[in-house]
Amino acid sequence: MADMLNIRAINLAMSFIYACLFAFYLAHMPVFFVGVLALLCVWNFYLTLTNKAKPNGWLANILAGFALILMIYTLGMGDTVILFVAMLLLSSIFKLLQAKTKKHYHVIVTLTFFSISSAYLFNQSILTTLSMSALFLLNFAVLSLIESKHSLKLASKQSAKLLFIALPLAVFLLLFLPKMPAFWQLPGPKLAKTGLSEQVDPFDIAKLSNSDELVFRVRFDSPPPVSPYYWRALVHDTFDGNAWKTSDLLKFNNKTTEPIKQLSVTNSYTIIAEPANQKWLYGLNYATSNNKYVDSNALGLLRKKQYQAKSLQYQVSNSPLSTEQLSDWQINYYTRLNNKTNSQAQQLANTLKERSRSDKDFYDTLLNYFATKGFSYTLTPDLMTGNNTIDQFLFEKQRGFCGHYASAAAYMFRAAGIPARLVSGYLGAEKNQANNYLSVRQYDAHAWVEVYINDQWQIFDATAVVAPERLNGSLSQNEELNDEFKSNLDFGLVSLSNFAAINWLRLKLETLDYQWTSWVLGFDEEKQSNFLKSLFGSKNIWLVPLGVVLFLITSFSAYFIYLNWPRNNTKQPPLVNELESLNKWAKKMNIAAPVHYSPNQLLAHYAQQKPQAAQHLNEFSQLFNQVRYAKKPFTKDRKTQAKDLIKLIKSSK
């Protein structure tokens, strides 16, 4: 430890960095595990502030063993990405607790660069980018402190200066360096608290998980269609008596990219989907996309071709739902039911069917049934258990959310012999008036029915008659459900949107995040190509990135040669250039000195005129005497010491 003068500042700065990282990971890892990491961080703070000894190897290894077991117990082995990050954080904080030498701290700073970078696996918002950039800056300052006598403040300033100088180069590289596909793809961590699932069983849910997490944004290329917006994501074609599921047959179909027949396109728009570990995407009606990362299937659904740990921007064209005539096999498939349960619902479906003159008449009769029999919409329904949950809902409870109505309606259609399937996705969106885009959040998750009538699939949504206001805008804009919605919602800016100032701030932050996501995170190969064509035209456009690569190679090679080019060190005796630098500084500070003064007299005069820098000037004078008069070698360490002293002298007020 004796080989470093800033050991206290280094320990405090590293503890601060990891405290910030642990606060960030609180949203992505089990609270108990992150709490243990935070306690270790606080311990390091305490040892540093009280100048107490760090734990010995035995104690640290025993604690590390317990922490490792805790990590595996709380995180499991399923998500390799989050497990890797947890191990990185754990090893870094234990290394910090044991660090004593310069070599140890070099290792920790290197690990910390990876620890900070790993945050981008989970979140790439502008707020995260700014926060992590500040931690990078502090980590660079710590790296400087390990090798110098700088204060943390001066080291941070130098780090910020270098970052500021590097910023134009970073922007240049972002715009012009050719974007290449990844050589290998890191699997994305399990990120989203999704409101969707391949299995829909609303009857065992007593409270909707109303997360305000953003799911996707939409920007229409032309005037948007009239609401309501049903954003399709999943189709559930099998009912097992309680829940609607996506069958293996449909899952296989989802994986298959089939030729999409030509349909009349009614709208086109761009969707910016947030990172998620699920493959399903979103679109209106029968959606297709030509994006190379997106599959379009025969059901008009969109799927990612691979998991991605970043937002995905894709263009969508949508057409009316398929009008293709179903075969007898398909009709039989979409009317299949478990007839051993929910006998009352089956009887009701038969009764309504007998009263109906056609399938369309049954459609209207069923809609009227939900509108007139006292059903109501709620986000906190009663639990319904057993094998007859649809009967319980239709004839006892009659209070539920979209999943209840969709499950019951799809069951009734199938019981009446009319092909039906349940669809889940999102309903509505909140419009950002300033930038003319739509935001869809997890609390907008919705389920409805698609029923096959008159040779085409049609939407049936009982929510439209039970809570018609739900069809317009977002659930957050529903005045009648406002109190229930806010009390049900996780804490966040949306839950405080009743306050005008907070709602204004929320909308401004969303606009900023939209611009960041759209223009920085969404700057992909296609956008880069369009940008370069707009600047240089489309002819031989490939020469531009090639020229950039050659320019960078040439520049870095020249700089490398310059740094390693042998210099003639005999032109000036040691420390003469450094003394000249101090003379220029004194002149700049208006410190005049007689011309006949010797170097020691000059330095003493400067110290007298500038008391704030006196200590460092005296140290420089001692160093000068050692090298010039005592003939001690002008080693690398003495050179570094001289440079550090000059920086400290010049930074003194």
Side-chain angles (χ1 to χ4, degrees), residues 196-203 230 232-261 263 279-280 283 285-288 295-303 319-343 345-350 352-353 356 358-363 366 387-390 403-425 447-462:
L196 303 183
S197 169
E198 289 186 345
Q199 175 171 318
V200 176
D201 184 7
F203 302 104
Y230 286 94
R232 301 170 83 230
L234 290 163
V235 168
H236 313 272
D237 57 338
T238 302
F239 184 66
D240 66 357
N242 291 308
W244 288 88
K245 299 178 179 178
T246 300
S247 66
D248 292 337
L249 177 66
L250 207 57
K251 289 178 183 175
F252 176 78
N253 193 28
N254 284 340
K255 293 176 183 176
T256 307
T257 304
E258 297 182 359
I260 306 298
K261 65 179 183 178
L263 296 171
K279 280 197 171 183
W280 56 71
N285 296 327
Y286 193 94
T288 57
D295 275 335
S296 309
N297 70 23
L299 293 176
L301 300 174
L302 303 176
R303 291 287 182 279
S319 309
L321 288 174
S322 172
T323 57
E324 186 178 355
Q325 187 169 8
L326 296 185
S327 65
D328 291 341
W329 178 87
Q330 288 174 310
I331 291 175
N332 180 58
Y333 185 77
Y334 283 115
T335 54
R336 191 177 300 169
L337 272 182
N338 180 348
N339 293 320
K340 296 179 181 178
T341 58
N342 299 299
S343 58
Q346 290 184 42
Q347 186 177 354
L348 175 63
N350 292 334
L352 297 180
K353 178 70 174 177
S356 305
S358 62
D359 290 350
K360 182 64 171 67
D361 196 30
F362 181 88
Y363 178 104
L366 184 59
N387 295 323
N388 299 292
T389 49
I390 289 180
H404 296 87
Y405 291 101
S407 293
Y411 185 91
M412 295 283 283
F413 276 114
R414 287 199 175 190
I418 301 173
R421 61 195 183 194
L422 190 143
V423 181
S424 59
W448 62 94
V449 176
E450 286 179 358
V451 54
Y452 189 75
I453 295 175
N454 298 334
D455 296 336
Q456 63 179 355
W457 290 102
Q458 299 181 26
I459 290 176
F460 179 93
D461 190 3

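This chain uses plain numbering: 1 for the first residue, then up along the sequence. The structure displayed is predicted, hence computed values, not measured ones.
Applying side-chain contact (heavy atoms from CB on, under 4.5 Å) to Arg421 and the options Trp244, Tyr334, Tyr452, Tyr333 leaves one that passes, Tyr334.
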Please evaluate residues Trp448 and Arg232 with respect to the criterion side-chain contact (heavy atoms from CB on, under 4.5 Å), reporting the C-alpha separation (whole Å), side-chain torsions for both, the decisive distance (0.1 Å), and the verdict. CA-CA 10 Å; Trp448 62 94; Arg232 301 170 83 230; 3.7 Å; yes

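Contact of the Val449 side chain with the Met412 side chain is not registered, since no non-hydrogen atoms from C-beta on lie closer than 4.5 Å. A heavy-atom distance below 4.5 Å is not found between the side chains of Arg336 and Phe239.
Under a 4.0 Å N-O distance rule, the pair Lys353/Asp361 does not qualify as a salt bridge.
A distance of 11.0 Å separates CG of Asp455 from CD1 of Ile453, quoted to the nearest 0.5 Å. Taken from CD in Glu450 to CG in Leu422, the straight-line distance is 9.5 Å, to the nearest 0.5 Å. Note that the NZ atom of Lys245 and the CG atom of Asp240 stand 4.0 Å from one another [nearest 0.5 Å]. With rounding to the nearest 0.5 Å, the separation of CD1 in Ile331 from CD1 in Ile418 is 11.5 Å. Here Gln346 contributes atom CD and Ile390 contributes atom CD1; the two are 9.5 Å apart, rounded to the nearest 0.5 Å. Rounding to the nearest 0.5 Å places OG of Ser247 at 11.0 Å from NE2 of His236.
With 3.5 Å as the limit, one finds no donor-acceptor pair spanning the side chains of Thr341 and Asn387.
Here the closest non-hydrogen pair linking Val235 and Val423 is CG2-CG2, 4.2 Å. Here the closest heavy-atom approach between residue Ala287 and residue Gly283 is recorded as CB-CA, 4.0 Å. Closest non-hydrogen pair, Ala447 versus Gly403, comes out as CB-CA, 4.2 Å. Closest of all the heavy-atom pairs between Asn342 and Asn388 is N-OD1, 2.6 Å.
Scanning for side-chain hydrogen bond (donor to acceptor under 3.5 Å, both in side chains) contacts around Tyr363 gives an empty result, with sequence neighbours left out. The ring-ring contact (aromatic ring centres under 6.0 Å, His included) check on Phe413 picks up Phe362, Phe460, with sequence neighbours excluded.
Few gaps surround CD on Gln330; more than 12 heavy atoms of other groups in view lie less than 6.0 Å from it.
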